[in-house]
Each structure stands twice: as structure tokens, then as C-alpha cells.
Amino acid sequence: MAMAILRRLGQTLFVLVGISVLVFLVFFATPGADPTARIAGRNASPQTVARVRVEYGFDRPLPVQYIRMMEKLFVTRDLTSYVNRGEKVVPEVFQAAPVTVSLVTGAAVIWVLASVAMGTLAAALRGGWVDRGLMMLGLVGISIPVFWLGQVANLLTQSRYHDSWLFSWVPGLGYVPFMQDPLGWFRALVIPWFTLAVLFIGIYSRVLRADLVAVRGEDFMRTARAKGLSPARVLLFHGLRTSMITFVSLFGLDFAQLVGGGALLTEVVFGLQGVGRLTYQALGNLDLPLIMATVMYSAVFVVIANAVVDMLYLLLDPRVRDGRA
Amino acid sequence: MTTALTPSSPSVSARASAGPWRTAARVLVRHRGAMVSLAVLALVTVACLLAPVYADDVAHTDPFTSNVAGTVMLDGRQVDIMQPNDNPLHLGLSPIGPTWRMAAYPLGADSQGRDVAARLLYGGRNSLLIAFSAAALCIMVAACVGIVAGYAGGVVDAVLSRMMDIMWAVPVYLFAISLSIVTVSQGLRIGPFTVASDNLLIPICIIALVYVPYAARPVRGRVMTLRRSEFVTAARGLGVPGHRIVLRDILPNVTGTLVVLAPLMTALALMAESALSFLSIGVQAPAASWGTIIQDGEGLIYTRPMVAVAPGLAIIVVVLALNILGDGMRDALDVRDGDRGRG
Amino acid sequence: MARAAGSDHRGGTLRLTAASSGGSLDPQIAYEHENLQLEAPVYDGLMAFPKSAPDRIGDGDRPIPDLADGPPDIRDGGLTYVFHLRRGVRFSNGQEVTVNDVAATMRRIFRVNSPAAGPYFSDLVGAAPCLNGRTDCTLAGGVVADPAAGSVTFHLVRPDPDFLYQLAFPQASIVPADTPGADTGNVAPPGTGPYRIVSYDPDRGLRMERNPYFHAWNPVAQPDGYPDRIQYDFGLEADAEVTAVENGQYDWMLDMPPADRLGELGDRYAARVHLSDMQVVYYMELNVRRPPFDNPAVRRALNDAIDRHAVVIHEGGPALALPLCGMLPRGLMGYDPACAYGRGASADHPAPAWQGPDLDRARALVRASGTAGQAVSIVTQTSPVAIAIAGEVRDVLTALGYRVTTRAITPTVEFSYLQNTGNDVQIGFTGWESDYPAPSSYLHTLFSCDSFHPGSDNSLNMSGLCDPALDAAMRAAALAQMTDPARADALWRQVGRDLMALAPVVPLVQTRRVDVVSARVGHVAISPYHLLLIAQLWVR
């Protein structure tokens, strides 16, 4: 077991190095990505450009540049942006993180509550019109592009019905720190929360219903029912508990992925300066240090979450090991 | 999104024959939702294929050239397509809004004075073409990767799986965005071949590539189960060469998984295409796709929301139909569901 | 408003908003508009463009003495400039400004690799080792400080007609001699203006407070400011900024309001909206070294065929854009509204203004050139307006018979991408706003042989034009500026016409700015150089 975990850790490290090399190479393969001219400023003379190239080390071989960048990112942690040249990228990413965490946590609360309610209800009333209606609703949720939903939400709450009683409380786009104004934080985030949650409500309620239906036939459920427990109790306590293994592992991966910057489109549409939007801007500016920092940040979350989920499976249920890892 | 499609029971993994397929088709035909979805998809496809008919013979408009200085006949009056505001500063020009008349800007114009309805139809052609091609390409590559990894196992499997992990760990859009920035600015040069930057092959390949890990996982899982099944073990015991086992025993049994994946992958690819185009790195101007029209509409959302709303509704209808169809096919082929997604 | 600018309007906190920050604060490095504008009330040079409300049109874009206590003494036919430093001016750290600070700042321009070093100050005696980053960089013969006399003398190797403009350019702002010799990034070195920057986070915001050591020594060059504090927040999208300014959450937004919101601003907030010309020229650069634009007839044909009126509409209509047929913006010396291209115009008989496209003549020119059918690839930026304008050009080129494709590149990269000859760009959309308001900073900077550097990302002469006769004419016009402005104006106008006869570009439009302020703000003053003067706003 210890060996398996160790091997998994080694693989995780390999994956992280692979990602950083990939990002580095993609950047240098991009035509016009050479940041020297942009750092030197417009109209700078060739001598100035040449000096900037040497000072920033862009004249060194790529492997040397790569190792220097990794050293600055992970060891000395003083890697600075090519665009805002005084800005250290590591603290920049960590400052954006609370925005993303606020967005994703709120959305996660909504999608977990809503999908558990919808999934359980649908499974309990299996085959009926409630079941079909809820599952169709879930499919609709899966089918709406999140950026479009965000735009429509903005159109309704910021413009069309902003002056009506319904949405007059909605503040302008942007983030309000919790410590500064808890109520403002809530009001600024509540619409992005629901927008982000819609897709996941659809997915999770469907997964949960399928699991609950599948688990009905299992022996322990029959035993529980035979013991005379009410069907609702059986479903809620025994069925739900068993189905939660899939649910939780799924949740772990999705949550990590979103915290790592996967909520990019939601952040862009609602003007929330989180990790995703930071990455998007860094890509738009071709700001390699910031791209590297945000991508590594998100990769760490996703890779570690993957490894944790895999190891959980390893610990909990050796049968699925081969099918999942 | 990732999917874990797992066989419901070992009994299905009997050798494929015409039988199970015919049964599946019969179940599918009885699935009302799936049939309605197929009809909707066919309708949308035909409408999009008829785009030139609408543009040339009904609306008499060129949806790809700017028309900001033009006018249109409406109720016997010449109306400017870009309508000036009469405020004292003369600030703001708005394109003509929906007229709900087939021949004259039924859904209004975009900020370049082009007919949104015509662009919606032409855009659908590109969106659907990209979605279907990317899904097909993705499933083919994923099948190869999944079968090789699942059948070979060992070091090959470990290397392939970790490569998939790398691709998957970088959030989908970041990966796609970086690839697009490279290709859009320069096109793609592979040896003597150059793919122009506005070639649809670029978004098709990017989307397909990005979703390979997603589709390869269930295939690999299925192959691993099959490898240990009795008939494969028996075949190996008889000394049947590996490629024959893969072709004759493994591949037919994976087909069910692949077929069920097809509509879901198409839905995913359509959503990915719209997101990429929304971030202006998918289909390149002047060509349209539903995503680029949403992006054009973003700049008009306050004055002319229809430009963004119409293509959004189109995406929802098609993706919903694909998902329902996928559901129906899964039921018909009896492959258990475990879909999950990423935002 | 009639009340004299007095203490009545002092005080309060001014709140500004922008989508993103403008990068490094180091005055020798900063060149984004955003930072030049916000640092105008923070730093001073020996010369400056006035930072007070202009009284007349034409004010505001001529350099006037700022830290110098009068115009310089120019000797030796323009080779020597002697400045006397104003006494009693202090930096925001309390130190008095000395002639040594001036000399050190000039060395610092080279030491920190300021973009101004090469193009503007390489004519100083002793500049060569500085430009190459050698340790023996002293500028000893070029900038001579005389603490006893309180004077600084500049020696040039050749006369530079724009030298005073270049000293007024904010990258020549005076900072203390002990300022580090590297980009200070997020830290603003002490300055002499009425404000000092107390905090800066490029992802969040910036705070300015009064400089306690400031007194108004020249109310035209650097007047006192009104607000006590200036708070600048970053991160809102332009749409959200408009809403926030309309509702009074912010007092002013840096970014242009999205086209979609202009009607609403004009209808409901016209009194709070201020329009002003920007000194920016948008154009298509044509590579004169690659087919088909290596043929002057093809370049002229495109100038004839393009519909500048359509481009005006893409830029927001006649209220916000002005069609251009030359490369100098309205308001600048040498500006010429006449048009040698389009309907009813020719090189010999230019029309008084743009009349409309002449597609027939353009077709005839292309037919005669035999280039129809060739492939043309347009490079543009990934912004909606840039894509729309590229589309307009694509339609015209298609109508002329070319096979056209468009490539949209992220704006930060596109500008340097167009410049590098290695990328083989045939035609690209871009804009140019000069560092200082003089004709040479458009025409010489963009079209002289000096600014063409093959294979470099920094080669502003994107067309690759190199015409010795044109260079000589530009030199003559610039020299005339020093002695006879009226003659210089006529000479520059002629240079503009000669340039457009060669047609290395298709000038499209000059745009206007929309400034919208909150209801509680008064005294909106817009300078042609510094744009809206933020420190001059009254906060009620």
C-alpha cells in the first residue's frame, strides 16, 4: 500500500513537470510571443532592446530559461510578471484565490443541496412524471452554455429589470471582499453562484438518481426493507449513504478543478477577478510568468485531487482500482 | 466533462453479432424522447443546409460582408441599417432590431449590419460540422489510445494514462486557448502542409484533442475488463495473435461504448466550440458559428439582445436533443450511466 | 464655475475606475496612456505640456518651462541648451530638487533602458556608451550640471528640433539622484507634483495623497490639485464601469464606454459626457516590400477603394470618429483635411475632404497592375472593432479581385508582430499615438529609414518605406520649426502629401474620446496632451 501511494506521488510529480514543460514550449512556439520588445517599450532603439534581452535572460538557451523560471516560481517565489514588472506572480495568484473560492464554494453548496433533493426525489418517485420532469430539467441545465446563461442573467438583472423590485438589489458587476462587507459579498455573488451551479445540479442529480436506482436492488437494501423500515428511510439513510461514494469523489474532482481556475467563463462574464480570469488575462497578454503560475496552481489542485480520489478508491474499494485509475 | 461508462453486467460482453444491435435499434425506436430529438436534429441540420437558399433567394443579403452604410426597405420606407440616435451629442448607433419579417432582417442586424438570421443558419453549419467532426475524430483517437492502453497494460498503459492526466489536468479551456493563440496567429505548419488560420480543421482538432482523455478513460476501462474475460483469455491461450484479438474480439465489444459516447461527445464539442468562439479563438471572421454570433451579440446585449439570445437558444436546443438521444442510446445498448461534467 | 479656482473646491476623495492597470509606475519606463495620465500631477520635467485647463484651442500641446525657471538659452545653432533650475521645489520626500538630480535622471533614462533613450536622447554628447549599457556611461560632456549657478547645460551632437518636446515627454520626469538604477515597478519614486502615490497593486488599485511639500510655482505647467485623495480601482469591465459611474459609485472611468451604452449615455446623461479629439490615427499599414503592395498603384487603389465612412461607423459614428486621408491628426501642425483619394479627388487636385470611395478607378489600377488574383492576408487585433474594420478592408480587397484571409491576433502581440519583417505581414490594422505632439513623431517615427530595423520586433516603420527624398524633406520641415513655425506648417503639409503619393499606408480615421463623469464632479478640463486632467476635478 505504501509503495502504491509512493508510486502515485511520483507519477503526480511527473505530471506536474510535464505540464510546466508543455506550457513553456507552447509559449515559445507562439509567433510574436518574445516579450523583449514589449518590455523595452514602443519605439525603443535596437541597443535598448538588446540590453533588455540580456538583462531578462532571453538570450539564454531554453532549458536554462526553463530551470531559472521554475526556480523563481517554486524556490525563491519572486518570479515577476512581464507586463506589470514590479508584480510578483505568486502573491498575485494567492490574492485572486479567495474570489474563486468564494464563487465556487457558494455554487457548490447550491448544487449539492439542489441535486441531492432532486436526485432523491426522482429516485423515490421513479418512473413517474416528477422523475421525468426533474431529469429533463437536469438535462436542460447540462445543455445551457454557462457564459450565455451568465450574459442573459446580466441582461435581466443589470439592465432590463434592474429598476424593478425584483432585481434592484443587484449590485454592479465585480467582487466585494467578505471581510469588507459581508452583505455586499453575498449580493455580488449570489447570481454568479446560481449561474455556475446550474450545470452541476443537472449532472449530479442525474448521477445520484442513477446510483440510487441501481443500489435499490442490492442485498442490504432488501434486508433493510425486509426489516420493516419505511421506504423513505431506507432510501435516505441506506441508499443515499452508499451512493455518496461516487458523489463525493465526483465532487472532489469538480471542486478542485473549479477552484483551480475552471470557473473561467463564469468569472469572465461576471467580472470576478479570480484565478480563472487572471489566467485568461495572462493568456491574452502572453504574460508567461503569470500563465505559468496560474496553470501550475490549477494543475496542482486537479492533479492532487485526482491522486486523492484514486487513493481513496484504492483504500475503500480495491475492485474498482483497475477500472478507474 | 468526464464520463465513466461501465458495462452493467459481464453478460453483455458476449461476442457481438447482429442480434444485440437489432434489439437496441428496436428499443431506441420506441424511446419517444430519442425519436423527437432525432427529428429536431434533422430539422436543424436541414434548416442550416438551406442557409444559402434563405440568404440568396429570401433575404437577398450577404451575411459575410459588412453593410453598415446600407439601407433596407421596410413598410415602403428606406430605413438605415445602422440607426443613429437623435440625442444632442449624436452618441450611439444601433443596428436595426428584429422586424419579424422573413425577407428583411427578421432577427435584426449585428454591429456590422449583417442579417442575424442568415448568420444563424450559416453559423449552424459551422457549429454542427465542427461538433460532429470533432466528436468523430475524438472518438477515433480515444478508441485507439484506450484500446492500446487497456490491452497492453504495464508501462505503455502508465505512460499513456499519465499523458492523458497531463492533458486533462490543465483546465480544458486554458489548454484550448493556448493552442488556439498559437494556431490562429500563424496557422499550422506541418512539414510541407500549411493549414490556414481560418481553416475549420484547427478548432476541430483542438476540441478533439482536448476531449481525448475524457473519452479514452471509459474505453480503457472497458478493454481492461474484456482482457480478463473468458473468451479473450481463451483466445490468448490458443495463441491467437494480439492484433487479431483486438480487431475481432475487443473492438466489436467496445463499439457499444463508443456509439453511446457519440452523441454526448457531439454535445460536448458543440459547447466547447461555442465557448472557444465566445473567447474569439474558435471560428474566425467573417465565418460565423453560434459561438461567434453570441460574441458579436455580447457587444449589443443592452440594445439588441436578440443577437446573443437566438444562437444561445439554438445551442441549447441542439445540445439538449443530443443529450436525450444519448440517454436513449444508452438505455437501448444497456450501458450504465455515470456522466459527470466540468464547468 | 465663475468663481476663481480657490479653496472652495478643495478636498474630498476622487474615485476613478479602470479595467486594468497600466504597468510599471517608474516614470522613466511607464508609457501606457493610463499611467502617463495619472502621473501627470505626480512628476515634472524641466519642460512640460501644460497640466492646467486650456484657455484656447492650441494651448496645451506646446512644451513650456516647468522645473526650469524660464525658457532655455539655445546656443550654437541648436547644439547647446542652458536651463536654469527653479529654486525651492521639493520632492515628496522633502529633499530639494538640485541640478544633480537632473543630470542623474538623464543618466537614469539610459541605465533603466527607458524606451526614450534611443530615439530621443541618443543625440546627447557621450550617449553612445550609455546606450550600449557600458559602465563608463557618465554623459559627462552631454549633460553638465553647475550647482553654483543652478544651471544644467545639454550638449547635442546635431541639432534636434524636437528636443524641448522630448524633455517635456513624461519619461524625462526628474526623480531624486538616489533613485535605484532599475525599473522600480510597483513603487513610484518621489516626484515634485501636488500628489504622491502611496500604494499600488496592479490587480486592485492605486492611492494618491497630497504631496505635503508641494507649492504651486507655475500654475499653468503644474497647478495645485483639488481632491485631497485620489483612489483608482482596477478590475471592472467597461460595461460595469459605465453603470458604476452613472450610479455615482465612481467619478470617472478610464476605458471608453462600450458602443452599446453610448445611446443611453447620450439620452440620459448628456450633461455629464465630454467629447474630445484624441491624437490617435488608425490605419492599415501596407508592406511595400511584399507583393502585391510593393506596387504603388495597388496601394493607391486600396486608398481609393476603402470606404472611410464605413470605418467611421465602426468606430461609433461621426460623433466619435473623423475620416482621415493623411497620417497627421486634426489639431497638429501640418494637419491636412484635403484628400488625394476617393471620389472626385486626385493627387494633382485633392478634394477638400473625403468624398467617398472610387471603386472604379481602383479596379482599373489593379487591372493595370496585373496583381489581381494574388493572395492577401490581413492581420488585425482580436477586438470586435478591429475585426470589423479588417472585414471592411477584406470586402474591398475581395471586390478588387484578391483572395483574402484575415488573422486576428491578441492586441498586446499584434503591434510587435506587425513590426517584425520575419513575420512577412502584407497588410495590418494598427493605430499610432505619438509620445509628444509634433509632426515628426508621426511621420518621421513611422516612415523614416532610421526607424526600419529588419528582423526586429521594434521596427515602427512597419511599411518598410525608405525614401531618401522624403527623409530630407522631413528633416527640412523639422528644422524650420525652430525658426519659422508658419513655414514649418506648410512644409509638413507638403511632406504629408508626398507621403500619401507613395501611399505606404491607408489612413482610416482619427477617433474622439468619450469621458463620462459622476453627478458630483465639476470642472472637467481636457488637455490635448494629458487628456482629462484628473487632479483638476472638483469633488462636491
Side-chain angles (χ1 to χ4, degrees), chain A residues 11 14-16 18-19 22-23 26-27 29-32 139-140 142-148 151-152 154-155 159-160 196 199-200 202-204 206-207 210 214 246 250 253-254 257-258 260-266 268 276 279-280 283 286 291 294-295 298-299 302-303 306 322-325, chain B residues 1-2 4 6 8 33 158 161-163 165-175 177-179 181-182 185-186 217 221-222 224-225 228 267 271 274-275 278-279 291 294 297-298 301-302 305 308-309 311-312 315-324 327 336-343:
Chain A
Q11 289 177 343
F14 170 77
V15 168
L16 289 176
I19 292 166
L22 192 70
V23 169
V26 165
F27 179 84
T30 305
L139 262 193
V140 172
I142 296 174
S143 307
I144 303 177
V146 66
F147 61 91
W148 183 82
Q151 271 188 353
V152 172
N154 279 341
L155 171 67
S159 163
R160 284 298 143 106
L196 180 59
L199 168 73
F200 294 97
I203 295 168
Y204 281 59
R206 289 173 63 80
V207 169
T246 333
L250 226 105
L253 293 180
D254 281 332
Q257 187 269 133
L258 288 175
L264 178 147
L265 289 166
T266 315
V268 169
T279 319
Y280 179 59
L283 282 163
L286 280 188
I291 296 174
T294 49
V295 169
S298 85
V302 176
V303 169
N306 260 312
D322 289 333
R324 273 272 183 172
Chain B
M1 293 203 183
T2 66
T6 46
S8 59
S161 296
R162 291 296 83 82
M163 272 171 65
D165 274 4
I166 292 180
M167 285 170 63
W168 198 239
V170 184
V172 176
Y173 294 123
L174 306 191
F175 193 50
I177 291 170
S178 355
L179 281 178
I181 287 176
V182 179
S185 55
Q186 190 84 320
R217 265 193 187 203
R222 182 92 178 92
M224 285 184 120
T225 323
R228 279 189 303 272
M271 299 268 263
S274 67
F278 173 72
L279 299 173
I294 294 184
E298 193 193 20
I301 196 92
Y302 282 84
V309 169
I315 292 175
I316 295 176
V317 166
V318 171
V319 173
L320 188 60
L322 285 166
N323 277 326
I324 296 175
D327 261 18
R336 204 173 66 175
D337 172 27
D339 60 343
R340 55 178 230 83
R342 289 164 178 249

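Worth knowing before you read on, the calculation uses all heavy atoms, side chains too, and leaves out hydrogens, waters and symmetry mates. Chain A is the first sequence line, chain B the second, and so forth, proteins listed ahead of strands; every chain is numbered from 1.
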From CD1 (Ile301(B)) to CD (Gln151(A)), nearest 0.5 Å:
4.5 Å
Nearest 0.5 Å, please: how far is CE in Met271(B) from CG in Leu265(A)?
10.0 Å
Counting C-beta onward and ignoring hydrogens, is there a side-chain heavy-atom pair between Ser143(A) and Val318(B) closer than 4.5 Å?
no
Please confirm whether the backbone N or O of Gly291(B) pairs with a side-chain atom of Trp148(A), one donor and one acceptor, at under 3.5 Å?
no
Based on non-hydrogen pairs under 4.5 Å, which of Gly297(B), Gly33(B), Ala308(B), Pro311(B) is most in contact with chain A?
Ala308(B)
Reported CG-to-CG distance for the pair Leu139(A) and Leu322(B), which is rounded to 0.5 angstrom:
11.0 Å
Could you check whether any side-chain heavy atom of Arg206(A) comes within less than 4.5 Å of a side-chain heavy atom of Asn323(B), counting everything from C-beta outward?
no
Those residues at least two apart in sequence (or on a different chain) that pass side chain to side chain donor-acceptor pair (under 3.5 Å) with Asn154(A) are none
Taking side-chain contact (heavy atoms from CB on, under 4.5 Å) as the definition, give me every residue that meets it alongside Val140(A), ordered by chain and number, with sequence neighbours left out.
Ile144(A), Leu320(B)
Only pairs of heavy atoms separated by less than 4.5 Å count here; which of Leu155(A), Ile291(A), Val268(A) has the most with chain B?
Leu155(A)
